[in-house]
Enquirer: 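Below: one structure in structure tokens.
Chain letters run A, B, ... following the sequence lines, proteins first and then strands; every chain starts at 1.
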Amino acid sequence: MKRTRRIFAILARAYPDARCELDHRGPFQLLAATILSAQCTDRNVNRATPALFRRWPDAAALARARPAEVERAIRTLGLFRTKARNLVGMAQALVREHGGRVPDTMEALVRLPGVGRKTANVVLSEAFGVPGLAVDTHVLRVGKRLGLFQAGDPVGVERELCAQLPPAQWGRASHLLIWHGRRVCEARLPRCGECALRRDCPSAREDGGAS
DNA sequence: ATCCCGAGGG
DNA sequence: CCCTCTGGAT
């Protein structure tokens with residue numbers, strides 16, 4: 001759809017620096033950092049990862065870690081019990097089934113503990129250059145306000161957006177929507193007054209809010 | 001009080 | 001569809 005492409009062109013101009021904000025070195029650390037990013041800000045994640053990766057730099061090391069030790073390293077992130085269990089389980093699965101390497105297919109990634117479609121698409125597009133559109137709460141909210149899709153579920157949204165954009169743009173499109181959702185098109189208080197898409201958004205309101 | 005770049009389970 | 005897991009930031 002032409003409108004969708006125009007919207008992403010505007011976003012690309014507005015946010016030339018939009019990118020994955022998780023600090024990482026290579027596919028494994030990206031995967032780990034992305035798992036940690038659930039329900040907490042990437043700023044908090046980036047504060048915890050240096051010590052985490054210094055101690056457990058790869059899958060082989062993390063696979064042998066004691067979950068309680070990992071919990072202590074990520075305690076400030078919230079959901080630390082679940083995340084620690086998933087990190088160690090993910091690392092063990094990598095060692096057991098993939099020789100300690102991060103797989104580069106959606107099927108293999110979503111089979112790892114704690115890895116869903118969103119995380120898998122981040123890893124695919126960021127680490128492997130495989131086109132993947134990551135749908136999170138921001139993508140859902142911002143896209144709905146803009147009227148970019150009909151679906152209300154992540155899989156349906158992913159399918160619709162992918163159909164409207166060339167594969168080479170899928171990864172970047174994710175970042176642009178997330179970036180915009182965090183900075184301007186916020187959940188409670190969308191700042192329509194300073195939104196680059198004001199003229200193109202059906203939900204934009206003059207008083208600075210959106211539906 | 002409420003939210004944060006989710007995933008798993010009922 | 002719903003719920004739970006979690007603490008830090010605001």
Enquirer: Can you tell me which nucleotide in C:dG8, C:dT10, B:dC4 comes closest to the side chain of A:Gln39?
Expert: B:dC4
Enquirer: Need one value for A:Thr34: base, sugar-phosphate or nothing, where a base atom within 4.0 Å counts as base even if backbone is also close, heavy atoms only.
Expert: nothing
Enquirer: Can you tell me the distance, in whole Å, between the CG atom of A:Leu77 and the P atom of C:dT6?
Expert: 13 Å
Enquirer: Could you pick out which residue, A:Pro113 or A:Trp179, lies toward the 5' side of DNA chain B when each is mapped onto its nearest nucleotide?
Expert: A:Trp179
Enquirer: Measure the distance from CZ on A:Arg72 to C1' on C:dT6 and round it to the nearest whole Å.
Expert: 18 Å
Enquirer: Nearest of B:dC4, C:dT6, C:dA9 to any side-chain atom of A:Ala187?
Expert: B:dC4
Enquirer: Of the nucleotides B:dG6, B:dC4, C:dT10, which one has an atom closest to the side chain of A:His138?
Expert: B:dC4
Enquirer: So, A:Arg43 and A:Glu21, do they make that salt bridge, N to O below 4.0 Å?
Expert: no
Enquirer: For A:Val122, report the nucleic acid contact type (base, sugar-phosphate, nothing); a contact means any heavy atom under 4.0 Å.
Expert: nothing
Enquirer: Identify the two heavy atoms, one from A:Ile35 and one from A:Lys83, that lie closest to each other, and give their separation to 0.1 Å.
Expert: O-CE, 4.0 Å
Enquirer: Taking the P atom of each, how far is B:dC5 from C:dT4, in whole Å?
Expert: 22 Å
Enquirer: Between B:dA7, B:dC5, C:dC5, spot the one nearest the side chain of A:Ile178, thanks.
Expert: B:dC5
Enquirer: Round to the nearest Å and state the distance from A:Asp153 atom CG to B:dA7 atom C1'.
Expert: 16 Å
Enquirer: Nearest-Å distance, CG (A:Leu22) to P (B:dG6)?
Expert: 10 Å
Enquirer: Using only atom types and a distance under 3.5 Å, with no angle test, would you say the side chain of A:Glu160 pairs donor to acceptor with the backbone of A:Gln150?
Expert: yes
Enquirer: On DNA chain B, compare the nucleotides closest to A:Val110 and A:Cys40; which residue's is nearer the 5' end?
Expert: A:Cys40
Enquirer: What is the distance from CG of A:Leu140 to P of B:dA7, rounded to the nearest Å?
Expert: 12 Å
Enquirer: Over all strands shown, is A:Ser174 touching base, sugar-phosphate only, or nothing at heavy-atom distances under 4.0 angstrom?
Expert: nothing
Enquirer: Over how many whole Å does the gap from A:Arg172 atom CZ to B:dC5 atom P extend?
Expert: 19 Å
Enquirer: Whether the A:Glu126 and A:His175 side chains hold a donor-acceptor pair (N or O, under 3.5 Å, no angle test) is what I'd like checked.
Expert: yes
Enquirer: Measure from the side chain of A:Ala38, starting at C-beta and using heavy atoms only, and say which of B:dC4, B:dG6, C:dT6 lies closest.
Expert: B:dG6
Enquirer: Ignoring hydrogens and geometry beyond distance, is the side chain of A:Lys118 in donor-acceptor contact with the base of B:dC5 at under 3.5 Å?
Expert: yes
Enquirer: Rounded to whole angstrom units, what separation is found between the CD atom of A:Glu186 and the P atom of B:dT2?
Expert: 17 Å
Enquirer: C:dC3 and B:dT2: how far apart are their P atoms, nearest whole angstrom?
Expert: 15 Å
Enquirer: Does A:Thr82 put a side-chain nitrogen or oxygen below 4.0 Å from OP1 or OP2 of B:dA7?
Expert: no
Enquirer: On the side chain of A:Glu21, is there an atom forming a donor-acceptor pair with the base of B:dC5 - under 3.5 Å, no angle test?
Expert: yes
Enquirer: For a quick test of reading the model, state the closest non-hydrogen atom pair linking A:Arg72 to A:Arg55 and the distance between them.
Expert: NH2-NH1, 4.5 Å
Enquirer: Can you tell me how far P in B:dA7 sits from the matching atom in C:dG8, rounded to whole Å?
Expert: 23 Å
Enquirer: Tell me whether the side-chain N/O atoms of A:Arg182 come closer than 4.0 Å to OP1 or OP2 in B:dC5.
Expert: yes
Enquirer: Distance check needed: B:dC5 P versus A:Tyr15 OH, whole Å only.
Expert: 14 Å
Enquirer: How about A:Arg183: does its CZ atom have over 12 heavy atoms from other parts shown lying under 6.0 Å from it?
Expert: yes
Enquirer: Side chain of A:Arg47 only, please: which of C:dA9, B:dC4, B:dG6 is the nearest?
Expert: C:dA9
